[in-house]
Amino acid sequence: MPTIDADAHVIESEQTWSYISDEKWKPYLIQPGGARPQNWLVDGRVFNRGVNVNRELSEAIREMRDIGGRLKHMTSSISTFRCFIHRCFYDR
Amino acid sequence: MTSKAEIEAAICRSYNQWLIDICRKGEERLRWIAVVPLIDITSAVTEVRFAKANGACGIFMRGLVDDKRLSHSFFFPLYEEAEKSNLPICVHASTGSFDWVQLFEGENGFMRFKVPVLSGFHSIVHDGIPAKFPQLRFGFIEVRAQWVPYMAVEIAKRFERENKVIARNIIRDNHVYVACQTDDDLPYVLKYAGEDNIVIGSDYGHNDTSSEIEALRLLKKKGEVEPRIIDKILYDNAKALYGI
């Protein structure tokens, strides 16, 4: 029997905002380097990035660059046949 | 995120387009929930139409939006369009009020991100929004379901004092769906929610008190409720919530 995961997430990356044509409106990724946390700068406000993230999953799967990997993991590890993506930007 | 309507609209559209492109490569196993700009309600309605035309199965909302509760008439055009589009309003753990976040700065995420969802439920049900939009479904996601019995009794008591009509089942009769977690006391929750309005999610990708990547498998293993009801939670109820 198919199952539906009613609450799954993707983690935003710079790709997420690549559809915004006006550069000055794009969320800007602040990358201080090393182990220091990254943040998004959005219209003068700073939002955490990567605080609430399952690091046991690969970054490519979390950020949906590896869609095949995500689908494979859904099948083999959590038995889901469908997955629903909820927005997660700065939500914890 | 911003107080500028045009920036909010651009960010929402980009986010939605990104999800559309991802889901198109998802072998029909991925569906998406749209974010809509809420500073300008006309833009919100436009985004609902765009979302519907591109395969979305719900509209994301926070439990508080700036200085407004979810029962504020400001949102009625959005609810009307979502109802017309057969897209549920999905209220997910988070808040859209910077003042609220500031108030609980330094605490863990409970008050900042979980409690606003319960506030959203109370506003919607107490203020009769489901009766105004009788075909509109609501999802309350990533706050467990353990609160359902408390809220059902509390609202019933308040309605009684206000001489209002009390729904026989406050969840089902208001077209509400609630996402449970495997450590909820499900038999107790089901007594108040009924068996057709509970769904479950894994919080895939996150790492917080609601994250349980094996949730769907574990629910079956626990054996606390009949397999027939588990199948509803794992499939039928979510199918009904998301209209797919």
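Any value given below was found using the heavy atoms of this structure, including those in side chains, with hydrogens, waters and symmetry copies removed. To find a chain, count down the sequence lines: A is the first, B the second, and so on, and within it residues start at 1.
For the residue pair B:Asn16/A:Tyr19, the side-chain donor-acceptor check at 3.5 Å is not satisfied.
Taking both residues in full, the closest heavy atoms of A:Ile20 and B:Ser14 are given as CG1-CB, 3.4 Å, listed atom of the first, atom of the second, then distance. Looking at every heavy atom in both residues, B:Gly26 comes nearest to A:Ile67 through CA-CG2, 4.2 Å. A:Ala6 and B:Ile141 make their closest contact through O-CG2, 4.2 Å (heavy atoms, listed as atom of the first residue, atom of the second, distance). The two residues B:Trp18 and A:Ser13 come nearest to each other via the heavy atoms CZ2-OG, 4.4 Å.
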Given B:Met1 and A:Trp40, is the side chain to side chain contact (heavy atoms under 4.5 Å, CB included) satisfied, shown in steps? CA-CA 10 Å; B:Met1 288 181 289; A:Trp40 289 109; over 6 Å; no
Output, in order, the C-alpha distance, side-chain angles, deciding distance and verdict of side chain to side chain contact (heavy atoms under 4.5 Å, CB included) for B:Leu30 and A:Leu71. CA-CA 9 Å; B:Leu30 300 171; A:Leu71 295 176; 4.0 Å; yes
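With a 4.5 angstrom heavy-atom cutoff, A:Ser18 touches chain B only via backbone atoms. The contact between B:Ala10 and chain A is made by backbone and side chain atoms together, counting heavy-atom distances below 4.5 Å. Residue contact with chain A, scored on non-hydrogen atoms closer than 4.5 Å, is absent for B:Asn108.
One distance of note links OG1 of A:Thr3 with CG of B:Asp231; it measures 10.0 Å at 0.5 Å rounding. Note that CD1 of B:Ile11 and CH2 of A:Trp25 are 9.5 Å apart. Values are rounded to the nearest 0.5 Å. Rounded to the nearest 0.5 angstrom, A:Asp5 CG and B:Leu234 CG are separated by 10.0 Å. Atoms NE2 and CD, on A:His9 and B:Glu142 in that order, are 4.5 Å from each other to the nearest 0.5 Å.
The side-chain contact (heavy atoms from CB on, under 4.5 Å) search around B:Thr2 returns A:Asp43, B:Lys4, B:Ile7, B:Glu8, not counting sequence neighbours.
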